[in-house]
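So the structure is just underneath, and the comments pick up after that.
Naming: A, B, ... by sequence-line order, numbering from 1 per chain. Predicted model, so just to flag it, every value in this text is computed and none were measured.
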Amino acid sequence: MRHAFSVRIGPVGFRVGSAWPQPIAAMRRLYAGYPPPRDGIADFTVRLEPTRPWRRWLRPSAMVRGDFTLPDAAPLPLAQGLLAAEMGMNLQMALGARRWLLLHASCVERDGRALLMSGHSGAGKSTLSALLGERGWRLLGDEFALLDPASGVIHPFPRPVSLKNEAIAVMAAEVAADRLGPLIPGTPKGDIRHLRPAADALARMDEPATPAMLLFPRFGASADVRPMGAIETFVRLTQASTNYVVLGEAGFAALTGLVRGVPAMAIDYPDTAAAIDLVERLWAETAR
Amino acid sequence: MSPTRLLVAVLADPQAAPALGPGAWQDVLTVARAELLIGSLAHRLHGLALPPAVRAILDDARTSAEHGRVQALWEAEMARRALVTLGVPVVLLKGTAFVAAGLAAGQGRSIGDLDILVPRDALDAVEAALLAAGWEWVKPDPYDHLYYRRWMHELPPLTHPERDRMIDVHHTILPLTARPTPDATALIADSVALENGLRVPSPADMIVHAAAHLFADGDLAGGLRNLWDIDRLVREHAGDAEFPAALAASARRHNLIPHVARALRLSAPIYATPMEGLPIGRARWADRLYARRLLARDGWGRETRPALRLAFYIRSHWIRMPPLLLARHLWTKFRRGQRGTTSSDRAS
């Protein structure tokens, strides 16, 4: 395609092609410091292309296509081209990844041990992991945790964190401005701005971590902790996985191994400061 | 070499693979995914010295294909259990037949729906048994149902909501409106029983059906994969001196001599399929158009040659229906589209 960019995020190489230069230029800035795909060969291809030839110029909007495509996906306006590229990369992972059990979870590491946080969109796991990533933890990823079925470790997948709405100001106060992508207003999920993870998260993207604790955070109520049983945890994680079914027996073994191996808790938090305190306390008390 | 040419060259001769550079690999893998040939490619290249990034991608493809194989066989078993009491022959078709029979054509093959063939006079009983066993109609639209039952070679598609898998129940292998009329009764009579009681078409009929599917029942979308099926099936019987005559007889019986001949003529240059003694007919000028259409994709996985694609799309309707019937069908579809009725174009 006319404009293209390739990048490696942890073990996964991506190639993004675009009919327009703007999304590619935005990606080059956001992904400054990321390596190219291994052996020069990307695992997945994403294409941003006009729905009809004339839509390249006339009310330009980007259709997200690639190796794996959702048939009924709607195009995004070109101004949201960076978001379209990110969605395309997520889609390839969700539909195409087979090497790992994919959990929709954010993940941070300390001392070689990983803390996984899973929850519905808007539960605050992205913000929480981004903040922890600035406070002594290494960010492994804010969107997908890659659980290795053979060894049980989590592979880093340190994509830029997708900050939404209020989280944008929270993180802008925390990090240098050159780590933030452009503000993308008016998306289906409100305002979005991407945050490049800290330098050590990129430098150590080939260093996996052993799971030590699972949290299911929920924003809103007063601070609370509820230990979760293995069955509830297992079922919630099957729902949080995009490829549990297609991995078959390997997926089942990986997930039951994880659930048996680490403590799991549901936590409520009223604000981010309280959440950080809660996470640190639980980590000190319970993490195996 | 163009990306699709490169893919078919590597499929035909895996020894060409280790020499590929990163750009060529990227093209080949992308095109293989788009043409649903990545699993077949992964099987062909297994064990060769390849760049680690390529090996990882192909290992994933093998995992996917193996999962697809197990799922396809399980779906066939579910259909067998639903239909066993009827006592009618149930013939597996296409990908499920290849993996059930353990053929090379099934190695790494992507398998979508379950396709089965049953005798036409058993269709009502089969339909009732499947509905009783939990399958449901995909399209509740009465026009679509009428259309399928009057003109098509299969029941309207059924899906099993718990397993999210579709079944296409055929009573013959081409639409009733298409000009060639295959002999479905002979196809069932000549089919071969598997251990579990399900059946697969005879080796020659498998090739004839694949050729019919490729040239008489669509616009050649996914054609490179269908042609790969034909290459593998032909090679399966390459050493059998009786096979060419059996294939010629089957093509004649099913009224598909030109289709089989063209499939073989295209498979030879694209996949280097051995042709000794096979009924390939005489080369036609249009063969080149078919080849160009089959290979019309770029290294980003995008379809190319829009005019040629459109021509084959129009042809696909033309060959499946007499013009007046086609006009009436398109008019009905158009009117329903105008009224906002949901109705996919799968039947058309």
> Side chain, backbone, both or neither: which part of A/Arg47 has an atom under 4.5 Å from a heavy atom of chain B?
Replying inline: side chain
>> Minimum heavy-atom separation for B/Pro22 and A/Gly40, please, with both atom names.
In response: CB-O, 3.9 Å
> Is any side-chain heavy atom of B/Arg302 less than 4.5 Å from a side-chain heavy atom of A/Arg65?
Replying inline: no
> Quick one: CH2 on A/Trp100 to CG on B/Asp60, what's the gap to the nearest 0.5 Å?
Replying inline: 6.5 Å
> Do other residues, nucleotides or ligands put more than 12 heavy atoms under 6.0 Å from the CZ atom of A/Phe252?
Replying inline: no
>> Looking only at heavy atoms and a cut-off of under 4.5 Å, which of A/Gly96, A/Gly17, A/Ala42, A/Gly248 has the most pairs with chain B?
In response: A/Ala42
> Counting N and O atoms only, with roles assigned by atom type, does the side chain of A/Arg38 sit under 3.5 Å from a partner on the main chain of B/Pro52, one being a donor and the other an acceptor?
Replying inline: no
> Within a reach of under 6.0 Å around CZ of B/Arg163, are more than 12 heavy atoms found that belong to other residues, nucleotides or ligands?
Replying inline: yes
> Which atoms of B/Ala56 come close to chain A, meaning under 4.5 Å heavy atom to heavy atom: side chain ones, backbone ones, both, or neither?
Replying inline: both
>> So for A/Phe68, is it side chain, backbone, both, or neither that comes closer than 4.5 Å to the heavy atoms of chain B?
In response: side chain
>> Please check: side-chain N/O of A/Asp39 versus main-chain N/O of B/Pro51, any donor-acceptor pairing under 3.5 Å?
In response: no
> Got more than 12 heavy atoms from elsewhere within 6.0 Å of NE2, A/His3?
Replying inline: yes
>> Less than 4.5 Å apart, side chain to side chain, heavy atoms only: is that true for B/Ile57 and A/Ile41?
In response: yes
> Looking at B/Ala34, B/Ser64, B/Ala61, which has the largest count of heavy-atom pairs under 4.5 Å with chain A?
Replying inline: B/Ser64
>> Measuring from atom CD of B/Gln26 to atom CZ of A/Arg15, what distance do you get when rounded to the nearest 0.5 angstrom?
In response: 4.0 Å
> Relative to chain B, which segment of A/Glu249 carries a heavy atom at a distance below 4.5 Å: side chain, backbone, both, or neither?
Replying inline: neither
>> Minimum heavy-atom separation for B/Trp300 and A/Val46, please, with both atom names.
In response: CZ3-O, 3.9 Å
> Do B/Thr63 and A/Arg98 meet the criterion of a side-chain donor-acceptor pair at a distance under 3.5 Å?
Replying inline: no
> Looking only at heavy atoms, which two atoms of A/Asp67 and B/Arg33 are closest? And how far apart?
Replying inline: OD2-NH1, 2.7 Å
